[in-house]
Each structure stands twice: as C-alpha cells, then as structure tokens.
Enquirer: 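Submitted below is the structure of interest, expressed as structure tokens.
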Amino acid sequence: MMEIANAANGENGGTSYEEAKKLADDIMARIKCRPVVGIICGSGLGELANMVTDTEIMGYEEIPGFPVSTVPGHAGKLVFGQLGGKPVVLMKGRVHFYEGFTMQKTALPIRIMKLLGVQILIVTNAAGGINQEYEIGDLMIIKDHINMPGFAGMNPLHGQNDERFGPRFPAISKAYTKRLRDHAKTTAKSLGFEGFRIHEGVYCMLAGPSFETVTECKFLNMIGVDVTGMSTCPEVVVAAHCGMEVFGMSLVTNKVVMQYDSEQVANHEEVLETGALRSKDLQKLVAAMLTTLEIKSQP
Ligand SMILES: O=P(O)(O)O[C@@H]1C[C@H](O)[C@@H](CO)O1
C-alpha cells in the first residue's frame, strides 16, 4: 500500500490527495471567500483580476508546494473575491510544462480549487492563429482540444489514480460543456458583440517553449486545429477528471508563420501587447457570463 502511495506521490511527479487537501485547508484557514468558480488568466490576461471585488490575495510563493510562475505576463497571485455576483478564485497567471514543471504539477492548482469548492473552471489563454480566417485580436470559444504532449505520454493523469479525485479512465470528450459554450454565445450577443470576432474552434497544446516551425503549423492546419498554444490541456484534463464543468477561451495574439520564406517570427512581446489591447473585451464577456450563470448544485 505504501509503495502505491509513494508512486502516486513522488514517482509520477504528483501531489497526494492528503497533501493537496492540506494545502486547500491552509488556504481556507487564511481566506474567507469560498469560491465556486475558478478562473485561469493566460499570458497578458491578468487584468481580469481588476474586476474582482472584496479581494483577498495570496502570492503563489506563500503556498508551500504550489507551483510558482516564472514567465513575464503571469503575476503568480491567487485572487479571491466576487465577480459577476459569484465567489471566485482567479489565478493571475499560470505555470506551464515548458517551465520545467511536470504535467501533474502544472495542473495541481485545479485540484486545490476543487478541494476549495470550485465547480466551474474558466480557462483563458493567448494562442497563435492557425486557421487562416482568424485575425489577431479574435476570440475563440474552445470546443475541443488536442493535448499533443499526451501523444508522447505526457498526460497529467499519468501514474497511480486516486479515486477521490476522479476515475481511472475519465471521458474528456465533453470537457468544454455545450451549456457553457452556449451561455458564452448568448452573453456575447446580449453585450452587442455581434461585430466582434468570436469563433468556436479547436485548441492544440504543444509543449513549447519554442514557437512552431512552418511545417508544424501546416500539419496542425491539416488536422483541424484552429489555434495553438502551450498550456490549458493539463488544467482542463484534470478539471474534467474531478467533475468540473469547463469553459475555455483563446485570444488570438498572433498569426502563426505559414510561409517558409516569411520574414515574420512569433514573439512573446507581441503576445503580451495583443493581450493588453483585447483583454478588456474578454474581461467584459467573462464578467457578464458570471452574472447570469446558473451554478448547478453538486451531485
Ligand atoms: O499561458 P498562455 O497559454 O496564455 O501563454 C501563451 C503560451 C506561452 O506561455 C506564451 C507564448 O507567448 O503565451
């Protein structure tokens, strides 16, 4: 039994249920808010935190064992409070696999959110447009994803399973629920965002940190990917595993390079600049979605 516990705990890079529970209990001892919605802010999208009221803030480094962000545009703060009349916890910045964290560690904040009482996860990211009809600044509601590192065995659920988090073989095909995607479309309409470019499409995670080659982009285009990035899949897989509803949204911060002799190159500064320009619209949409969102009671 001990060997199994050790494998679940250490060898697969994961955190045991007991350790995650202790982290959640320590947070609850310091924070009054009991969030039902968790929000992850992607690169340059942390300004959403400014709309949260009654805030209580903890730096990731204040939580022992919590992965700490190392990338510009990811402040590394948990912001608790009210948004759209709902108690929320917002991750002002995430961590990524390419920073050297295991897939399990990258998604640990989601398990802690679950233990804090979060039922709905809203995940945002900055992404490169693969779909040739997408323009810089467009938003995309995620309807499905490809976890490309998973093809090479990098799945956040790799290793011993603890049923207290979720089942050994979870279904992921409905992770981005139709209910929340429809809710986003209705909300966008009610905000008068008709002229505002919102798509629905497929996100693909590559491991990063190098941006894609031209041929990789052509391949992603051929297999039906609309945008590509370096995050989101670990968190969403773990959220679906532990029974959360997920809503995901990508901001197209750049168009990927599709011509071999192009002078253009992708760069993180452009990603942050576009984030800053369009984040207001994304913020408005998320806040309005929360205002009218029905929180289903847990089974
Ligand atoms: O955290 P996200 O997925 O929004 O960040 C994207 C992917 C890389 O971390 C970075 C590249 O500019 O932005």
Side-chain angles (χ1 to χ4, degrees), residues 38-49 60 66-79 90-103 105-110 113 121-130 134 136-142 145-150 154 156 176 201-213 216-217 220 225-239 246-257 264-283 285-286:
I39 303 170
I40 304 178
C41 299
S43 283
L45 299 172
E47 293 303 301
L48 184 55
Y60 297 169
F66 202 90
V68 178
S69 314
T70 63
V71 181
H74 293 265
K77 294 193 187 313
L78 276 187
V79 179
L90 184 141
M91 288 180 71
K92 192 167 178 186
R94 60 154 58 84
V95 298
H96 307 82
F97 177 71
Y98 65 73
E99 292 172 71
F101 299 106
T102 60
M103 293 292 260
K105 194 79 165 182
T106 304
L108 172 64
I110 307 308
M113 283 184 188
L121 179 69
I122 297 180
V123 51
T124 65
N125 59 58
I130 294 278
Y134 289 9
I136 293 176
D138 286 4
L139 291 176
M140 189 194 85
I141 296 167
I142 305 176
H145 75 220
I146 295 181
N147 174 30
M148 196 63 88
M154 278 159 284
Y176 302 91
V202 176
Y203 175 90
C204 177
M205 176 196 181
L206 299 188
S210 48
F211 287 102
E212 303 71 35
T213 66
E216 284 165 352
C217 293
L220 294 178
V225 168
D226 295 297
V227 299
T228 187
M230 305 176 195
S231 68
T232 301
C233 297
E235 296 111 311
V236 170
V237 169
V238 165
V246 177
F247 174 73
M249 182 154 260
S250 297
L251 171 62
V252 180
T253 52
N254 56 291
K255 292 177 87 160
V256 300
V257 182
Q264 272 185 309
V265 288
N267 66 86
H268 189 55
E269 290 66 40
E270 182 185 14
V271 169
L272 294 182
E273 275 163 28
T274 309
L277 285 176
R278 285 312 292 264
S279 67
K280 285 265 176 309
D281 297 328
L282 184 65
Q283 287 165 33
L285 182 61
V286 171

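In what follows, every heavy atom counts, from backbone to side chain, and hydrogens, waters and symmetry copies are set aside. Order of appearance sets the numbers: ligands from 1, and atoms from 1 within every ligand.
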Enquirer: Which ligand 1 atoms are under 4.0 Å away from a heavy-atom of Arg94?
Expert: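 Close to Arg94: 1 (O), 2 (P), 3 (O), 4 (O).
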Enquirer: What do you reckon, does Thr124 have a nitrogen or oxygen under 3.5 Å from a nitrogen or oxygen of ligand 1?
Expert: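 Checking ligand 1 against Thr124, no N or O pair falls under 3.5 Å apart.
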Enquirer: Please confirm whether the backbone N or O of Asn125 pairs with a side-chain atom of Ser250, one donor and one acceptor, at under 3.5 Å?
Expert: no
Enquirer: Got an N/O contact under 3.5 Å between Phe211 and ligand 1?
Expert: no
Enquirer: Would a distance-only check, ignoring hydrogens and angles, find a side-chain to backbone donor-acceptor pair under 3.5 Å from Thr124 to Gly42?
Expert: yes
Enquirer: For Val123, is there any backbone N or O sitting under 3.5 Å from a side-chain donor or acceptor partner on Glu235?
Expert: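 A pair under 3.5 Å: no.
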Enquirer: Taking N or O atoms only and a 3.5 Å limit, does Asn125 qualify as a polar contact for ligand 1?
Expert: no
Enquirer: Look at the rings of Phe66 and Tyr60 and say which category their plane angle falls in: under 30° parallel, 30 to 60° tilted, over 60° perpendicular.
Expert: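 Taking Tyr60 first and then Phe66, their aromatic rings sit tilted (interplane angle of 30° to 60°).
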